[in-house]
Amino acid sequence: MRLTRYFLPVLKENPAEAQIASHRLMLRAGMIRQASAGIYSWLPLGFKVLSRLEQIVHEEQQRAGHIPLLMPTLQPADLWQESGRYNAYGPEMLRIRDRHERDMLYGPTNEEMITDIFRSAVSSYKELPLTLYHIQWKFRDEVRPRFGVMRGREFLMKDGYNFDLTMEDALHAYNRHLVSYLRTYERMGLQAFPMRADTGPIGGDYSHEFLVLAPTGESEVFYDSDATGLRFGDRDIDFTDRAALQQVYDDWTAIYARTDETHDEAVYAERVPEERRRTARAIEVGQIFYFGTKYSEPMKALVVNEQGERVPVHMGSHGIGVSRLVGALIEANHDDRGIIWPEGVTPFHVGIANLKQGDGAADAACDALYAGLKARGLDPLYDDRSERAGAKFATLDLIGLPWRITVGPRGLANGVVELTSRRTGESEEMSPEAAIDRVAQIYAKV
RNA sequence: CGGGCUAUAGCGCAGUCUGGUAGCGCGUUCGACUGGGGGUCGAAAGGUCGUGAGUUCGAAUCUCGCUAGCCCGACCA
């Protein structure tokens, strides 16, 4: 993409309403624009990152054997009356009435709807196990939205629901989600820890939250410093291998890591040596639940088992806050000049800064670089504005592309361009061809 | 939902106390000089001062209502 043909409304000054880094930087980098409290338009750059996160989530869910579908944002109230949550949910649920005076709601989650879909189509244990998920906008009418997309009212969430015959099967689904989530966050360049969690208004008795350490996080967490050494890495997991998944679950949950909601001083003191105890703030970016027959019983989601008995299915629900992750990524990856995207989620792979727009040699070199990068399947952003070097560097630093190729008459006289890492600031001079190779190499691993 | 605050040009703000018909910086447009970290000079465009009523000869400014937004707390993916 050529910057002069893109839509990137960056701000030089900080908007007054933005208190935390991610909110401030998303506004300044032209990623989002507020439409109303806690409701945002996603401008092209933000939309690109959001779409990239969606893509990673889709890939990892399907790798785990989960099936995508798409349910509506607006739901009929009667489903929620059936589960008993229509009255239980409170004013956070946005209630709407249509022209026929029918009570509707903008879905804050989809347990009822998915259970309705399931029960109308599945009646035998032979069709289990089944895990369905979607990535869809949700609405929770927060009293006090804040921190940009980190705590909006409208938010994009991946929510998945497993249907199993037995608790053992459902716990295997639980482990599948735990492992697929670990993979998902690592691909995004984030280290997220599973922490034992309260089950909250959704209910149930088996739950972990995934938290990313960040000073602006809303949760206080207590953990063993050994947890920060955990890496999922490139392990190629067979998601049907129960023992292997259980092992990952055991490895990751053995180390003490809890939020303030479930923190237990006595257990903490007993299991974690004093010098390894850590307290920090963290952002919640996902949560998994096993809740058994909480919805399948009242909503009659029954299947016939091998003995010919009709039994309620065991369910769980599993969420990843996709739009919130954009904020979390920035909280975990920025400096005073702007965002620093991990390679796995960057909106463009590399920025090209032409330091003398209109100069024949510089223009030609940039055009060749741009074409060469595209030919290698890369997505470059070419800053072809008639701006001075400082302005181009500032813009590219702000929007956080992890790599920049700087092209100027001075280097071109020696046949070189400069490849600079946004994260370390280190640069290296090399031929344009070598720069293309290097960037291609970097992204081959992502 | 309790407490506090704000609303003036795309963004950040001054002007409000003491009423007299709106200003600064950034950004934008045009021209020139520039060209390796938001450059310089010159010209220009852009505002029903959130909204409704009231007071007044006259309201961004005073009074009352309404709306929207922000901060702290409680709540929350």
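Values below: every heavy atom of this structure, side chains too, minus hydrogens, waters and symmetry copies. Just so we're on the same page: letters track the sequence lines, and every chain starts at 1.
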I'd like the [atom1] distance from [M] over to [N], given in whole Å.
N	M	atom1	value
B:U61	B:G23	C1'	15 Å
B:U16	B:A60	C1'	7 Å
B:C72	B:U29	C1'	43 Å
B:C30	B:A68	P	40 Å
B:C75	B:A53	P	43 Å
B:U21	B:U28	P	32 Å
B:G15	B:C62	P	12 Å
B:U6	B:G12	C1'	14 Å

Assigned partner base of [N], Watson-Crick or wobble definition, under 3.5 Å:
N	value
B:A68	B:U6
B:A60	none
B:G25	B:C11

| message | Classify the ring geometry of A:Y40 against A:H23: parallel below 30°, tilted from 30° to 60°, perpendicular beyond 60°. | response | perpendicular

Could you check whether the rings of A:H177 and A:H318 sit parallel, tilted or perpendicular, using 30° and 60° as the cut-offs?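 Parallel, since the angle between the ring planes stays under 30°.
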
For [X] and [N], give me the distance from atom [atom1] to atom [atom2], rounded to whole Å.
X	N	atom1	atom2	result
A:D260	B:C76	CG	C1'	12 Å
A:L8	B:G10	CG	C1'	15 Å
A:Q19	B:G73	CD	P	12 Å
A:L27	B:C70	CG	P	11 Å
A:I283	B:C76	CD1	P	18 Å
A:D141	B:C1	CG	P	10 Å
A:I20	B:C72	CD1	P	10 Å
A:E218	B:C72	CD	C1'	17 Å

With sugar-phosphate taken as primed atoms, P, OP1 and OP2 and all else as base, the protein-contact string of nucleotides 28-43 of chain B at under 4.0 Å (heavy atoms; B, S, -) is ------BBBBBB----

Quick tally for nucleotides 3-9 of chain B: nucleotides whose base has a protein heavy atom under 4.0 Å get B, sugar-phosphate-only ones S, the rest -, giving -------

- Do you know the tightest heavy-atom contact between A:M93 and A:L105?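 Closest approach of A:M93 to A:L105, heavy atoms only: SD-CD2, 3.7 Å.
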
Tell me, yes or no, whether the heavy-atom count around A:R95 atom CZ, taken from other residues, nucleotides or ligands under 6.0 Å, exceeds 12. yes

Side chains of [X] and [Y]: do they bring a donor and an acceptor to under 3.5 Å?
X	Y	result
A:H58	A:Y133	yes
A:T216	A:E331	yes
A:T395	A:R385	yes
A:S207	A:Q287	yes

TODO: Spell out yes or no: do the side chain of A:R153 and the base of B:C76 have one donor N/O and one acceptor N/O closer than 3.5 Å?
DONE: no

- Task: Please evaluate the base of B:C76 for a donor-acceptor partner in the side chain of A:R151 within a cut-off of under 3.5 Å?
- Result: yes

Given the ring of A:F47, does A:R52 sit roughly above its face, with NZ or CZ under 6.0 Å from the centre of the six-membered ring and within 45° of the axis? no

For the ring pair [X] and [Y], is the centre-to-centre distance below 6.0 Å?
X	Y	result
A:F289	A:Y206	no
A:F222	A:H263	yes
A:Y185	A:F210	yes

Could you check whether A:R423 pairs with A:D335 (Lys NZ or Arg NE/NH1/NH2 to Asp/Glu carboxylate O, under 4.0 Å)?
no

*asked:* Any side-chain N or O of A:Q34 below 4.0 angstrom from OP1/OP2 of B:A68?
replied: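 The answer is no; no side-chain N or O of A:Q34 sits under 4.0 Å from OP1 or OP2.
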
**Asked** Between A:A18 and A:S323, which is nearer to the 5' end of RNA chain B once each is assigned its nearest nucleotide?
**Response**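 This one resolves to A:A18.
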
- prompt: More 5' along RNA chain B: A:R33 or A:H23, using each one's nearest nucleotide?
  reply: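 Per heavy-atom nearest nucleotide, the more 5' residue is A:R33.
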
Considering only nitrogen or oxygen atoms on both sides, find all protein atoms under 3.5 Å from nucleotides 12-16 of chain B and state each distance.
{"from": "B:G12", "atom 1": "OP1", "to": "A:A16", "atom 2": "N", "distance (Å)": "3.1"}

**Asked** Which part of the nucleic acid, if any, lies within contact of A:G358, taking any heavy atom under 4.0 Å across all strands shown: a base, the sugar-phosphate backbone alone, or nothing?
**Response** nothing

